[in-house]
Number of protein chains: 2
Amino acid sequence: MPADEKPTASVWTRPRPRQREHLTREQIVAEAIRLLDAEGVEELSMRKLGTRLGTAATSLYRHVASKDELIELVVDDVYGEPDVPTAVDGTRWRAAVTRTATELRAMTLRHPWIAPELGQVGLVHIGPNAMRMSSALLAQFEAAGFPADEMDQAMGTLMAYVIGIATAEAAYLSLIARSGKTEQEWVAGLRPAFDEATREHPRLRAGSSAQQDVHPQRIRDDNFAYGLDRVLDGLTARLTP
Amino acid sequence: MPADEKPTASVWTRPRPRQREHLTREQIVAEAIRLLDAEGVEELSMRKLGTRLGTAATSLYRHVASKDELIELVVDDVYGEPDVPTAVDGTRWRAAVTRTATELRAMTLRHPWIAPELGQVGLVHIGPNAMRMSSALLAQFEAAGFPADEMDQAMGTLMAYVIGIATAEAAYLSLIARSGKTEQEWVAGLRPAFDEATREHPRLRAGSSAQQDVHPQRIRDDNFAYGLDRVLDGLTARLTP
DNA sequence: ACATCATGCGTACAGTGTTCGCATCGAAAG
DNA sequence: CTTTCGATGCGAACACTGTACGCATGATGT
């Protein structure tokens with residue numbers, strides 16, 4: 001053995017010369033989204049995320065200031081998914097807004113863990129993707145002919161509806177995902193408890209028992225479309241008095 | 001010293017004979033709400049709650065199965081706050097629904113930490129107070145004349161709007177509360193960053209800068225009322241074709 | 001007087017986000 | 001080619017968290 005070999009760290013104990021590319025913020029965000037989609041929000045820990053990326057947990061803090069900031073980045077990244085139609089002519093504004101709302105709902109259902117953060121997007125979180133989306137949506141209301149002092153309120157109304165229904169759906173889907181069953185199985189399994197709980201409130205039972213054999217996903221789609229149409233009806237009435 | 005005194009625990013070290021009333025689930029829930037209102041959701045820990053009640057943290061588990069269950073109880077307790085008009089005649093249904101929606105929003109703004117849980121109320125959390133509220137609200141839609149197969153959808157639309165806007169407002173108010181400033185101070189302080197962020201999206205700046213001198217709380221009230229009127233317009237249109 | 005049972009609580013465990021200081025690297029500078 | 005230096009990875013540690021377990025103690029029923 002030559003003497004130039006250090007005694008404290010042999011070739012075998014010493015870790016391999018780093019072949020990994022440097023960790024980047026983009027990799028961390030992308031892997032966090034994958035983990036969140038797969039296991040839900042309460043399974044996201046810095047250590048687990050680090051393991052998935054083949055690094056130590058504390059290494060992440062070189063690229064991200066805190067877990068809260070990571071979540072901010074993750075949320076804005078997801079906001080980059082829907083493509084919002086930009087150029088609109090005034091006649092087709094309703095179709096354009098319907099499409100945007102539908103995309104936003106789909107985005108939330110793909111990533112149900114985002115729902116509780118949704119309300120914060122706007123003044124609290126002002127990431128570039130969220131801003132781009134808001135700006136494009138506002139342009140649709142402008143093209144529709146809303147006066148300048150009403151555009152914001154009209155868009156806010158639409159967004160409140162979308163956030164509200166998507167939040168409710170996402171919470172419901174997250175729960176089902178944790179149970180490991182399909183949506184139909186879960187609904188069927190809950191029915192006895194639901195009937196018991198609604199014994200004193202028969203009104204609440206009427207609507208749901210009528211649709212007992214309809215596919216639950218179909219019901220949710222219909223409900224979303226119904227409410228969206230009502231909201232847009234109410235907004236349209238302001239344009240043509 | 002008489003020999004009947006135990007050496008391990010003298011009269012002085014031994015805790016006083018318990019004079020406290022027994023802990024009850026109601027006390028725990030009430031104190032949890034007080035703590036949540038005062039310090040926010042991430043400051044609620046079982047140990048802190050126990051200290052406030054003058055007991056050890058683990059004692060709470062005799063009355064509550066887990067922290068999650070405690071939160072379920074807390075949420076339903078808050079749902080008991082708004083009083084929803086029960087008897088309605090068909091002509092005043094709009095006033096009744098407006099009142100209910102306003103009460104629900106006020107409830108959320110009193111307890112902003114409840115917002116992320118709001119979406120779960122319905123199928124996920126089925127506490128007695130939440131059921132009572134839902135049933136009463138549904139009765140208002142029934143009295144309005146909605147057909148049986150549309151009542152649920154109509155109420156869902158209204159609830160989605162209320163949940164959405166209340167969630168957004170609550171997130172915003174929670175953030176301000178944590179900053180320690182008043183709403184007006186906070187808005188003024190954020191303006192430079194907001195202008196910077198909206199440099200590439202001038203549309204987003206137009207609406208907010210027009211109202212720069214209006215009291216922000218007034219703006220929020222107006223926005224809520226505007227959207228609520230639009231939603232109710234859209235729903236009303238289904239009744240009188 | 002004794003047995004039974006619900007309740008309070010000290011201890012402990014696995015897990016969290018985050019800080020700190022040290023080791024190691026790639027690239028720039030002499 | 002050598003030396004320096006800032007950026008990066010990471011092991012150890014800290015203050016916390018929710019909660020399971022077992023023991024002590026109180027009130028209650030016989």
Side-chain angles (χ1 to χ4, degrees), chain A residues 4-29 31-32 35-36 39-74 113 116-117 178, chain B residues 4-29 31-32 35-36 39-75 113 117 178:
Chain A
D4 58 0
E5 199 187 29
K6 296 172 190 167
T8 59
S10 82
V11 192
W12 309 112
T13 65
R14 187 172 47 219
R16 284 260 204 78
R18 175 169 326 287
Q19 65 180 8
R20 268 186 56 66
E21 292 299 305
H22 271 184
L23 218 50
T24 68
R25 179 178 277 193
E26 286 73 21
Q27 283 174 33
I28 296 176
V29 169
E31 190 64 40
L35 176 53
L36 285 163
E39 310 195 23
V41 69
E42 63 227 6
E43 289 302 315
L44 171 66
S45 76
M46 299 303 269
R47 286 176 236 263
K48 204 165 186 169
L49 183 56
T51 305
R52 283 208 172 207
L53 287 161
T55 76
T58 54
S59 305
L60 304 175
Y61 284 87
R62 292 287 175 191
H63 303 88
V64 156
S66 67
K67 191 183 182 183
D68 282 349
E69 183 185 296
L70 170 61
I71 288 180
E72 252 182 272
L73 293 170
V74 156
W113 42 268
E117 316 288 334
R178 276 197 296 274
Chain B
D4 60 0
E5 198 186 30
K6 296 173 191 168
T8 59
S10 81
V11 192
W12 308 113
T13 66
R14 188 172 47 223
R16 284 258 205 81
R18 174 166 327 287
Q19 66 179 7
R20 266 187 59 65
E21 291 301 303
H22 270 184
L23 217 50
T24 68
R25 179 178 277 193
E26 286 73 22
Q27 283 174 32
I28 296 176
V29 169
E31 189 63 41
L35 175 53
L36 284 164
E39 310 195 21
V41 70
E42 63 227 3
E43 289 303 315
L44 171 66
S45 77
M46 299 304 268
R47 285 176 236 263
K48 204 164 185 170
L49 182 57
T51 304
R52 282 206 170 207
L53 287 161
T55 75
T58 54
S59 304
L60 305 175
Y61 284 87
R62 293 287 175 190
H63 304 88
V64 155
S66 66
K67 189 183 182 182
D68 282 350
E69 184 185 296
L70 170 61
I71 288 179
E72 254 183 88
L73 293 170
V74 155
V75 168
W113 43 265
E117 316 287 334
R178 276 197 297 276

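Protein chains get the first letters and strands the later ones, always in sequence-line order, with residue 1 at the start of each.
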Given [options], identify the nucleotide with an atom nearest to the side chain of [X].
| X | options | answer |
| --- | --- | --- |
| A:Thr58 | C:dC9, C:dC22, D:dG11 | D:dG11 |
| B:Tyr61 | D:dT19, D:dG22, D:dA13 | D:dT19 |
| B:His22 | D:dG9, C:dG8, D:dT17 | C:dG8 |
| A:Arg62 | C:dG17, C:dC9, C:dC22 | C:dC22 |

Rounded off to whole Å, could you give me the [atom1]-to-[atom2] distance for the [X] and [N] pair?
| X | N | atom1 | atom2 | answer |
| --- | --- | --- | --- | --- |
| A:Leu44 | C:dT18 | CG | C1' | 15 Å |
| B:Met46 | C:dC13 | CE | C1' | 17 Å |
| B:Ile28 | D:dG18 | CD1 | C1' | 15 Å |
| A:Glu42 | D:dT19 | CD | P | 11 Å |
| A:Leu35 | C:dT16 | CG | P | 11 Å |
| A:Lys67 | C:dG15 | NZ | C1' | 12 Å |
| B:Leu53 | C:dT7 | CG | P | 16 Å |
| A:Lys48 | C:dG17 | NZ | C1' | 16 Å |

Short N-O contact, A:Arg52 and A:Glu39, less than 4.0 angstrom: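 Result for this pair is yes, salt bridge flagged.
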Lys/Arg-Asp/Glu bridge criterion (N-O < 4.0 Å) met for A:Arg25, A:Glu69: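 Salt bridge flag = yes for A:Glu69 with A:Arg25.
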Under 3.5 Å donor-acceptor, A:His63 side chain and A:Leu23 backbone: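 Between the backbone of A:Leu23 and the side chain of A:His63 there is a qualifying donor-acceptor contact (under 3.5 Å).
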Distance below 4.0 Å between [X] side-chain N/O and [N] OP1 or OP2:
| X | N | result |
| --- | --- | --- |
| A:Ser45 | C:dT16 | yes |
| A:Ser59 | D:dC10 | yes |
| B:His63 | C:dG8 | yes |

Nucleotide N/O of nucleotides 4-7 of chain D paired with protein N/O under 3.5 Å:
none

Heavy-atom check, side chain of [X] versus side chain of [Y], under 4.5 Å:
| X | Y | value |
| --- | --- | --- |
| A:Leu70 | A:Leu49 | yes |
| B:His22 | B:Arg62 | no |
| B:Leu60 | B:Leu53 | yes |

Nearest non-hydrogen partners of A:Ala65 and A:Tyr61, listed with the distance: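 Here A:Ala65 and A:Tyr61 meet closest at O-CD2, 3.6 Å.
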Closest non-hydrogen atom pair, B:Leu35 against B:Glu43: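 For B:Leu35 and B:Glu43, the tightest heavy-atom pair comes out as CD2-O, 4.3 Å.
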Sugar-phosphate only, base, or nothing, as touched by B:Leu60 at under 4.0 Å among non-hydrogen atoms: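 Here B:Leu60 touches no strand at all.
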Sugar-phosphate only, base, or nothing, as touched by A:Leu70 at under 4.0 Å among non-hydrogen atoms: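 Contact class for A:Leu70: none.
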Polar side-chain contact A:Arg47-C:dG15 base: donor and acceptor under 3.5 Å: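 Between C:dG15 and A:Arg47, which were checked side chain against base, a qualifying N/O pair under 3.5 Å is absent.
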